[in-house]
2 protein chains.
Amino acid sequence: MNSVNLKQLARELNLSVSTVSRALRDSWEISTPTKQRVFALAKEMNFQPNPYASSLRKHRSRTIAVVIPEVANNFFALAIKGIETVARAKGYHVLIYLTNEDVAEEAAIASSLQSGRVDGVVLSLCGSAQDTRHLLELQQRNIPMVFFDRVSEGITAPKVMTNDYESGFVATEHLIKSGCRRLAHLTISMCLSISLKRQQGYLDAMRRFERDGGIIHCGSDDEANYRLIRELLAREDRPDGVFASVEKLAVQVYHVCRELGLRIPEDVKVISFSNLVTASLLNPSLTTIAQPAFDMGKEAATILFRRLEKKYIVTPEDRVMLPARLEVRESTGAGLSR
Amino acid sequence: MNSVNLKQLARELNLSVSTVSRALRDSWEISTPTKQRVFALAKEMNFQPNPYASSLRKHRSRTIAVVIPEVANNFFALAIKGIETVARAKGYHVLIYLTNEDVAEEAAIASSLQSGRVDGVVLSLCGSAQDTRHLLELQQRNIPMVFFDRVSEGITAPKVMTNDYESGFVATEHLIKSGCRRLAHLTISMCLSISLKRQQGYLDAMRRFERDGGIIHCGSDDEANYRLIRELLAREDRPDGVFASVEKLAVQVYHVCRELGLRIPEDVKVISFSNLVTASLLNPSLTTIAQPAFDMGKEAATILFRRLEKKYIVTPEDRVMLPARLEVRESTGAGLSR
DNA sequence: AAATTCAACTACAACGTTTTCGTAAATAAT
DNA sequence: ATTATTTACGAAAACGTTGTAGTTGAATTT
């Protein structure tokens with residue numbers, strides 16, 4: 001426990017508690033010599049104001065929450081880094097909550113955040129069935145929220161996202177232009193707007209270039225996903241191009257291809273949304289759509305702080321779009337020389 | 001703001017604030033019918049106790065801090081997941097702080113934690129020069145700490161670590177038995193005990209098997225590291241076996257080898273401490289020493305909570321050792337068939 | 001019948017800050 | 001010289017919860 005408090009400082013200095021408090025906040029009501037005495041003693045006694053007393057009194061915690069589906073994923077890890085960087089620069093603290101892609105956990109977390117523990121929330125939705133009541137309740141408590149990447153269309157709040165539709169289109173187009181005839185799209189959720197947009201980009205590109213192909217609906221169970229992908233690639237009429245909406249699925253495609261003896265890119269071309277640092281070192285290197293994860297985190301946090309400082313008014317159509325980048329590599333046929 | 005509080009509940013129920021408080025904590029002093037009335041109304045009004053008032057009064061925040069060098073790294077990401085899992089199960093909240101491998105930032109964070117904001121800290125040291133005064137100060141404030149992976153030898157606190165010396169020895173031995181004659185060890189810090197232990201394992205294995213080789217001291221500047229590694233591998237008498245102490249450096253070895261046209265494992269064999277999920281998919285797949293990151297996080301958090309519940313007495317030599325696993329893959333010559 | 005115990009509640013202070021409202025002395029304005 | 005203003009501080013009331021120390025009225029014991 002930190003036991004040095006204002007009262008002790010005040011006693012030692014023959015001042016009142018309020019004077020010491022004001023002096024420490026550099027109030028103009030306090031004379032310079034007094035301030036100096038207070039600062040000196042506070043430093044000497046290593047005074048640290050009790051954040052809970054302060055939060056209680058001021059109704060502000062200088063703390064935000066980050067709610068994400070998982071952390072062992074370079075995208076979210078980088079986003080956290082972006083958020084934490086901005087937050088610490090602003091003197092805020094960052095609480096982290098993992099939903100593990102489970103809407104029930106997400107709801108429990110949202111509910112616990114109604115207590116006023118945090119001044120605001122940065123979040124990315126989980127992929128399981130989206131009932132957003134728990135988030136609406138948070139919003140009704142006037143706790144500002146900012147979404148990033150996996151946004152909710154049903155909630156009026158700032159959203160930081162990538163150009164998912166275009167990226168889905170471009171990814172598909174790239175597969176087609178690399179010579180694929182039968183495609184498959186591996187998606188992670190039918191509830192997330194980003195998934196639907198990527199999927200729509202895929203479908204539109206397919207129609208535009210008159211190709212065939214289906215959509216495989218994967219979930220959060222890795223083993224089930226593996227079986228689905230294996231089944232897909234073991235079929236007689238297997239696709240010769242696979243577009244994975246998240247890197248986890250692309251990794252599984254690689255494993256399945258190894259197991260089935262399929263060559264990438266000769267037999268199957270692969271492209272994926274991904275922020276893997278090792279994409280270029282994979283065998284073969286993986287063509288990716290890389291999102292600016294760190295910047296998305298930074299941007300989301302920046303918007304949140306602007307809201308907290310009341311310098312920001314939320315409009316219904318309030319979104320920032322940070323574009324993803326296509327990085328062409330061997331898995332779609334580039335530089336086949338080995 | 002959450003404006004429904006005990007006072008409002010009490011007024012509504014014609015009870016005193018203290019009775020409502022006790023009823024909600026299910027005290028035996030309150031009759032069952034009263035409790036039921038209180039519970040019912042609390043639920044109806046969606047009452048959430050103010051955590052800051054409670055923390056102020058009880059001198060306990062039900063919050064812990066996790067202080068780590070970085071998050072965009074599978075080891076730390078998994079450790080966070082382990083910590084968060086245990087913490088949430090215990091009803092605790094997790095604050096996250098990134099030191100970015102900078103001891104000054106680490107000190108600033110430690111200092112801010114002296115305020116009593118958290119009940120305890122789980123931490124892994126940064127790799128830059130270790131002056132641990134800031135941590136000792138935290139300890140003097142009676143804030144329990146538990147180290148994991150990058151522990152401090154100078155501080156009496158529980159430590160969760162891997163068998164770094166043995167792993168360093170085994171990794172080196174594995175390179176030697178794979179046919180390497182000239183080795184090199186890439187280390188990240190001369191201040192971290194884990195680095196020194198891995199290095200000592202390397203040195204002892206070298207002496208034991210009578211091989212030559214040096215140690216390259218890398219830092220936190222990626223570009224400088226790249227130059228160091230490039231210089232090492234461009235030399236006439238370059239090593240034919242490289243043991244990287246962290247995955248970041250192994251990835252750079254791969255890049256340098258590409259650039260220089262060196263073949264792995266034919267020209268250079270590579271082994272690294274790493275938790276990369278894609279280790280087996282790299283070109284060639286990377287032989288790793290994998291640490292049980294998730295379990296280390298869980299274990300560290302578990303110990304911390306035992307301390308917080310006073311069910312734990314710290315002894316000077318208080319450490320849990322979770323063994324790392326050697327995963328042999330192509331980068332050290334296994335299964336050369338492609 | 002008086003004293004004791006007990007069950008079920010209430011009053012109030014405390015936790016450490018911040019903020020509102022004063023107030024005394026010093027200075028300036030009239 | 002009197003009043004107004006300014007400067008520099010203090011007293012006390014919040015913030016919402018919890019713990020200690022009562023206070024009832026009823027049940028039990030003596």
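Labels below follow one simple rule: chain letters A, B, ... track the order of the sequence lines, proteins then strands, and each chain is numbered from 1. No experiment lies behind these values; they were computed from the predicted model shown.
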Let me know the distance between [atom1] of [X] and [atom2] of [N], rounded to the nearest Å.
X     : N      : atom1 : atom2 : result
B:R62 : D:dT17 : CZ    : C1'   : 15 Å
B:Y52 : D:dG16 : OH    : C1'   : 14 Å
A:R60 : C:dG16 : CZ    : P     : 23 Å
B:Q8  : D:dC15 : CD    : P     : 11 Å
A:L13 : D:dA8  : CG    : P     : 17 Å
A:D26 : D:dA8  : CG    : C1'   : 15 Å
A:N50 : C:dA14 : CG    : P     : 17 Å
B:R11 : C:dT10 : CZ    : P     : 15 Å

Item to complete: Give a yes/no on whether any side-chain N or O of B:S31 is located under 4.0 angstrom from OP1 or OP2 of C:dA7.
Response: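 Looking at the OP1 and OP2 atoms of C:dA7, neither is under 4.0 Å from any side-chain N or O of B:S31.
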Fill in: B:N5 side chain near D:dG16 phosphate (N/O to OP1/OP2, under 4.0 Å)
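Affirmative; the distance criterion is met.
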Worksheet item: Reckon A:S55 touches a base, only the sugar-phosphate, or nothing at all at heavy-atom distances under 4.0 Å?
Response: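 No contact.
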[X] side chain to [Y] side chain, donor-acceptor N/O pair below 3.5 angstrom:
X     : Y      : result
A:S31 : A:T34  : yes
B:R62 : B:H93  : no
B:E70 : B:N100 : no

Item to complete: Just do the side chain to side chain donor-acceptor pair (under 3.5 Å) check on B:S61 and B:D119 with the steps written out, would you?
Response: CA-CA 6 Å; B:S61 60; B:D119 297 341; 2.9 Å; yes
Closest approach to the side chain of [X], judged atom by atom: which nucleotide of [options] is it?
X     : options               : result
B:L15 : D:dA11, C:dT17, C:dC9 : C:dC9
B:L56 : D:dG16, C:dC9, C:dT17 : D:dG16
B:I30 : C:dC9, D:dG10, D:dA8  : C:dC9

Worksheet item: How would you list, by chain and number, every residue that makes a ring-ring contact (aromatic ring centres under 6.0 Å, His included) with B:F294, sequence neighbours excluded?
Response: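 So B:F294 forms no ring-ring contact (aromatic ring centres under 6.0 Å, His included) with any residue.
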Response to the item:
Quick tally for nucleotides 18-26 of chain C: nucleotides whose base has a protein heavy atom under 4.0 Å get B, sugar-phosphate-only ones S, the rest -, giving BBB------
Worksheet item: Any ion pair linking A:K35 and A:D26 (charged N to carboxylate O, less than 4.0 Å)?
Response: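 Judged by the 4.0 Å cut-off on N to carboxylate O distance, A:D26 and A:K35 do form a salt bridge.
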Worksheet item: Do NZ/NE/NH1/NH2 and the carboxylate oxygens of A:R319 and A:E153 come within less than 4.0 Å?
Response: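 The answer is yes: the pair qualifies as a salt bridge.
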